Amino acid sequence: MSQRPGFPVKLAATDPAPSRRSSGSVAPAALGLSGAVAVPRMPLAPTGLGLDSGAVRARMVRLLAQQGVRDARVLEAMGLVERHRFVESALVGQAYEDTSLPIGLGQTISKPNVVARMLELLCQGTSGKLGRVLEIGTGCGYQAAVLSHVATEVYSIERLRGLHEKARDNLRPLRVHNVHLIFGDGMLAYPQGAPYAGIISAAGGDDIPQAWLDQLAMGGRLVAPTVTTAGQQALVVIHKTPRGFERQVLEAVHFVPLKSGVA
């Protein structure tokens, strides 16, 4: 399907809105971990082929909690989305390991811990679901699928046509009704959907583009890898307040570079 830059694909425009829980998911429940964090309980019996197993996803979620992820909304979302659906068939056996994997065109799917960490930072200071969120760098669509469970609406923009189409193909069978895919230049963000309660980037630049700051709603949060004064990439969180932008530099990370234009 031909797609003009900047034109959103609504994944289920003509489909009835189904339940967003897969057959292998139930409401979150504590799994006996230390601390007061609720972790989704997944069935112990496999619900499909190969790694389509609630037990495998539950094991991944327990590891995330042990690594310090505490937001129950994020943990539940990570347990609901079947990561193996978003990786190449030859790499399915590694889908639930805490590692990044190639998805083609020189790009990668971020490791689960990084996805969960960034989403937790995005949700920090809020209760319930986030409002409208913008994702820069759709990739294979995995993070957009996770975001669909913590935000009311997700706009996800990808500059590489091949990945935009891959994400569309990966997400369409899931009938995720609140995700809109855009083929376009992520550095320009997507003003048609602004303002955003949250903006999250899967690529790191030398600085935060002004368009992202302009399109962030008052009280909104932006999470992105950015090159710091030390010349290394680090996670940066920006909170837009009536007093201006509050900026927090966190741990070192390694993401693909942020680029302009489409290809």
Side-chain angles (χ1 to χ4, degrees), residues 20-22 24-42 54 56-83 86 96-100 109-137 139 141-156 176 178-179 196-202 216-217 219-226 234-241 246-253 255:
R20 279 161 45 205
R21 291 181 182 269
S22 69
S25 64
V26 296
L31 289 182
L33 298 173
S34 59
V37 57
V39 179
R41 187 197 304 275
M42 313 303 289
V56 175
R57 296 198 304 280
R59 188 159 51 247
M60 180 189 75
V61 171
R62 285 195 296 270
L63 177 60
L64 292 173
Q66 291 164 6
Q67 290 171 334
V69 179
R70 287 290 177 263
D71 193 302
R73 295 165 293 179
V74 173
L75 291 171
E76 180 181 19
M78 296 293 292
L80 289 171
V81 178
E82 298 168 334
R83 191 172 184 252
F86 296 86
Y96 295 99
E97 295 178 8
D98 195 28
T99 185
S100 59
I109 179 175
S110 295
K111 59 196 222 174
N113 177 265
V114 170
V115 173
R117 167 69 167 153
M118 292 180 72
L119 265 61
E120 186 170 57
L121 291 170
L122 197 69
C123 293
Q124 194 171 15
T126 68
S127 61
K129 280 198 171 186
L130 295 176
R132 185 178 298 141
V133 170
L134 175 67
E135 178 188 33
I136 310 295
Y142 173 70
Q143 185 169 266
V146 180
L147 280 167
S148 75
H149 293 283
V150 300
T152 59
E153 196 169 15
V154 180
Y155 285 84
S156 184
V176 185
N178 63 338
V179 173
Y196 299 101
I199 298 177
I200 187 169
S201 176
L216 190 63
R221 296 172 68 83
L222 187 158
V223 181
T226 308
L235 275 184
V236 171
V237 178
I238 292 179
H239 184 206
K240 190 171 185 176
T241 76
E246 297 177 354
R247 180 184 176 106
Q248 185 180 16
V249 179
L250 301 173
E251 65 266 22
V253 290
F255 280 76

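This structure is a prediction, so every number in the text was calculated from the model and none was measured. Excluded from the calculations below are hydrogen atoms, water molecules and symmetry mates; all remaining heavy atoms, backbone and side chain alike, are included.
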### Query
R83: what forms a side chain to side chain donor-acceptor pair (under 3.5 Å) with it, not counting sequence neighbours?
none
### Query
With distance as the sole test, does R221 use its side chain to make a donor-acceptor pair with the main-chain N or O of K240 at under 3.5 Å?
no
### Query
Hey, mind stepping through L121 and Q248 against side chain to side chain contact (heavy atoms under 4.5 Å, CB included) and telling me if it holds?
CA-CA 11 Å; L121 291 170; Q248 185 180 16; 5.7 Å; no
### Message
Testing the basics here: between K129 and T152, what is the closest heavy-atom pair and its distance to 0.1 Å?
### Response
CB-CG2, 4.2 Å
### Task
Kindly state each residue pair satisfying salt bridge (charged side-chain N to carboxylate O under 4.0 Å, His left out) with at least one member in residues 114-128, sequence neighbours excluded.
R117-E251
### Task
Rounded to the nearest 0.5 Å, what's the gap from CG on L80 to NE2 on H149? Could you check?
5.0 Å
#### Entry: Over all atoms of both residues, closest heavy-atom pair of V179 and S148
CG2-CB, 3.7 Å
### Task
Go through V253 and V114 one step at a time and tell me if the side chain to side chain contact (heavy atoms under 4.5 Å, CB included) criterion holds.
CA-CA 9 Å; V253 290; V114 170; 5.6 Å; no
#### Entry: Rounded distance (nearest 0.5 Å) linking atom CG of L75 with atom CE of M60
9.5 Å
### Query
Just wondering, do V154 and V176 contact through their side chains at under 4.5 Å, heavy atoms?
no
### Query
Is there a side-chain contact between L119 and D71, using heavy atoms and a 4.5 Å cut-off?
no
#### Entry: Contacts of T226 that satisfy side-chain contact (heavy atoms from CB on, under 4.5 Å) - sequence neighbours left out
I208, A224, V236, R247
### Message
Using modelled atom types and a 3.5 Å cut-off, is there a donor and acceptor pairing between side-chain atoms of R132 and backbone atoms of E153?
### Response
no
### Message
Looking at every non-hydrogen atom in both residues, tell me the closest pair between V81 and R57 and how far apart they are.
### Response
O-CD, 3.7 Å
### Message
Can you list everything that forms a side-chain contact (heavy atoms from CB on, under 4.5 Å) with A234? Sequence neighbours excluded, please.
### Response
T228, V249
### pair Q143-S110: side-chain heavy atoms closer than 4.5 Å
no
### Task
For residues F255 and A202, report the shortest heavy-atom separation together with the two atoms involved.
CD2-O, 3.3 Å
### Task
Taking all non-hydrogen atoms of both residues into account, name the closest pair between V133 and Y196 and its distance.
C-CD2, 3.9 Å
### Task
For A116, check side-chain contact (heavy atoms from CB on, under 4.5 Å) against everything at least two apart and list the hits.
L64, V69, V74, M78
## Note on the structure
Here the pair of heavy atoms bringing G198 nearest to L122 is CA-CD1, 3.9 Å
### Message
So does D98 get a backbone contact from the side chain of N113, meaning a donor-acceptor N/O pair under 3.5 Å?
### Response
no
### Message
For T241, give me all partners under side-chain contact (heavy atoms from CB on, under 4.5 Å), at least two apart in sequence or on another chain.
### Response
H239, R243, E246
### Query
To the nearest 0.5 Å, what is the distance between CD1 (I136) and CD1 (I199)?
6.5 Å
### Query
Distance from Y142 atom OH to I109 atom CD1, nearest 0.5 Å?
6.5 Å
